[in-house]
Amino acid sequence: MAFTPEQQNLFEACLSKYLRNDIVALEEGYRTNSRLLDCLYNEVQGSINSAYYGHAITEEEADYLRMKY
């Protein structure tokens with residue numbers, strides 16, 4: 001599934017605070033080569049699922065975020 005740059009920007013701009021924080025933590029973990037990457041990754045995936053099932057993001061947004069992170 002391909003997403004346009006406009007879709008990607010929109011998907012990233014409208015994230016809930018908890019999901020954004022988890023993504024930032026994962027990116028920081030990658031940057032610092034953290035030993036906790038598996039935990040950080042699972043936290044992001046759980047937050048994506050929580051946002052989707054809590055109707056904070058659409059299925060399309062959830063798919064995009066799962067592919068990216």
Side-chain angles (χ1 to χ4, degrees):
M1 180 180 294
F3 297 99
T4 67
E6 292 81 20
Q7 286 176 307
Q8 293 174 17
N9 289 335
L10 181 61
F11 293 162
E12 297 274 342
C14 299
L15 298 177
S16 62
K17 186 174 181 177
Y18 67 91
L19 181 51
R20 167 64 51 208
N21 289 342
D22 289 342
I23 288 171
V24 168
L26 178 62
E27 289 172 336
E28 177 68 13
Y30 282 130
R31 191 183 67 72
T32 62
N33 199 26
S34 173
R35 294 182 298 155
L36 302 174
L37 282 176
D38 57 336
C39 296
L40 296 169
Y41 171 81
N42 288 334
E43 193 69 25
V44 168
Q45 296 303 312
S47 290
I48 292 168
N49 291 339
S50 179
Y52 172 65
Y53 288 108
H55 306 289
I57 61 175
T58 66
E59 183 175 4
E60 187 177 37
E61 290 169 311
D63 290 342
Y64 164 75
L65 293 168
R66 288 183 189 116
M67 280 185 357
K68 183 170 181 180
Y69 301 105

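- Rounding to the nearest 0.5 Å places CG of Leu26 at 11.0 Å from SG of Cys39.
- To the nearest 0.5 angstrom, Ser16 atom OG is 7.5 Å from Ile57 atom CD1.
- The stretch residues 53-62 participates, sequence neighbours left out, in no salt bridge (charged side-chain N to carboxylate O under 4.0 Å, His left out) pair at all.
- One distance of note links CG of Asn49 with CG of Leu65; it measures 10.5 Å at 0.5 Å rounding.
- For residues 15-43, no residue pair satisfies the ring-ring contact (aromatic ring centres under 6.0 Å, His included) rule, not counting sequence neighbours.
- For the ring-ring contact (aromatic ring centres under 6.0 Å, His included) condition, the pairs that include at least one residue of residues 50-69, sequence neighbours left out, are Phe3-Tyr64, Phe11-Tyr64.
- For residues 11-23, the salt bridge (charged side-chain N to carboxylate O under 4.0 Å, His left out) pairs, not counting sequence neighbours, are Glu12-Arg20, Glu12-Lys68.
- The salt bridge (charged side-chain N to carboxylate O under 4.0 Å, His left out) pairs that include a residue from residues 29-43 are Glu28-Arg31, where partners are two or more places apart or lie in different chains.
- Between Leu19 and Ser47, the shortest heavy-atom distance links the atoms CD1-CB, 3.6 Å.
- Closest non-hydrogen pair, Gly29 versus Leu40, comes out as CA-CD1, 3.9 Å.
- Residues Val44 and Leu37 are members of one and the same hydrophobic cluster, defined by side-chain heavy-atom contacts under 4.5 angstrom among Ile, Leu, Val, Met, Phe, Trp and Tyr.
- In this structure, Asn21 has no side chain to side chain donor-acceptor pair (under 3.5 Å) partners at least two apart in sequence or on a different chain.
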